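A quick note: this is a predicted structure, and the numbers were derived from the prediction, not measured. Excluded from the calculations below are hydrogen atoms, water molecules and symmetry mates; all remaining heavy atoms, backbone and side chain alike, are included.
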Amino acid sequence: MAKNTRKYWLMKSEPDVYSIDDLAREGRVHWDGVRNYQARNFMRDQMKIDDLVLFYHSNAKPPGIAGLATVASEPYADPTQFDPKSDYHDPKSTKDNPRWILVDIAFVEKLPALVPLDALKADPALEEMLVTQRGSRLSVQPVEHKHFTHVLKMAGAAPR
DNA sequence: GCCAACGTTGGC
DNA sequence: GCCAACGTTGGC
């Protein structure tokens, strides 16, 4: 049997801009606008189709994990970097050597209850989870499997 | 709205 | 290559 190489991630979105409900309605989205090299490298080098994603609401009241998604495409060049009218335009990027990479994300489920950041921080089992670390700004981050399953349990969601 | 944390830019 | 200045993120 093939080894399960699925990875787990957390991706942040401001719900005022794009929420889990938006993803539920649209089903699938180009995760454009990532302009941080570390986040890009995760998408470019490590994400695989069917990896599971914790969909995190940042700058929200309260902030927390709102849903589940999957990686739905191979990584490819973020088209907004070539669009002069886009907020994400990057004049230094070229089509021959695109600087910014994205993947598509597909909706899986909205969690039965949002798991607030407070609760993540208060749980000793998640002490080492990146999102609970002070000053953690990374918008695309890897999640350990044990943390992933623990969060699902906290949310009252079915195990994956 | 504040501000700590942290990433990027650019002068030297 | 250093680092000060500046910009952004994101919790509070």
Query raised in the report: So what does Lys61(A) touch, heavy atoms closer than 4.0 Å: a base, only the sugar-phosphate, or nothing?
Result: nothing
Identify all side-chain donor-acceptor contacts of residues 113-123 of chain A below 3.5 Å with residues at least two apart in sequence or on another chain.
unit_1, atom_1, unit_2, atom_2, d
Asp123(A), OD1, Ala125(A), N, 2.9
Asp123(A), OD1, His150(A), NE2, 3.4
Asp123(A), OD2, His150(A), NE2, 2.7

Query - Terminal contacting nucleotides, 5' and 3', DNA chain B versus chain A (heavy atom, 4.0 Å) - result: dA4(B) to dT8(B)
Requested in this report: Please test Trp100(A) against Tyr37(A) for side chain to side chain contact (heavy atoms under 4.5 Å, CB included), starting from the C-alpha separation and ending with a verdict.
Outcome: CA-CA 8 Å; Trp100(A) 303 111; Tyr37(A) 288 106; 3.6 Å; yes
Report summary line: Sorted by position of nearest nucleotide on DNA chain B, 5' first, the leading residue of Asn59(A) and Arg134(A) is Asn59(A)
Requested in this report: Give a yes or no on whether Tyr8(A) and Val53(A) share a hydrophobic cluster (residues Ile, Leu, Val, Met, Phe, Trp, Tyr; joining criterion: side-chain heavy atoms under 4.5 Å apart).
Outcome: no
Query raised in the report: Are side-chain N/O atoms of Tyr56(A) and Gln141(A) paired as donor and acceptor at under 3.5 Å?
Result: no
Report task. Verify whether one side chain among Arg35(A) and Thr80(A) offers a donor that lies under 3.5 Å from an acceptor in the other. Result -> yes
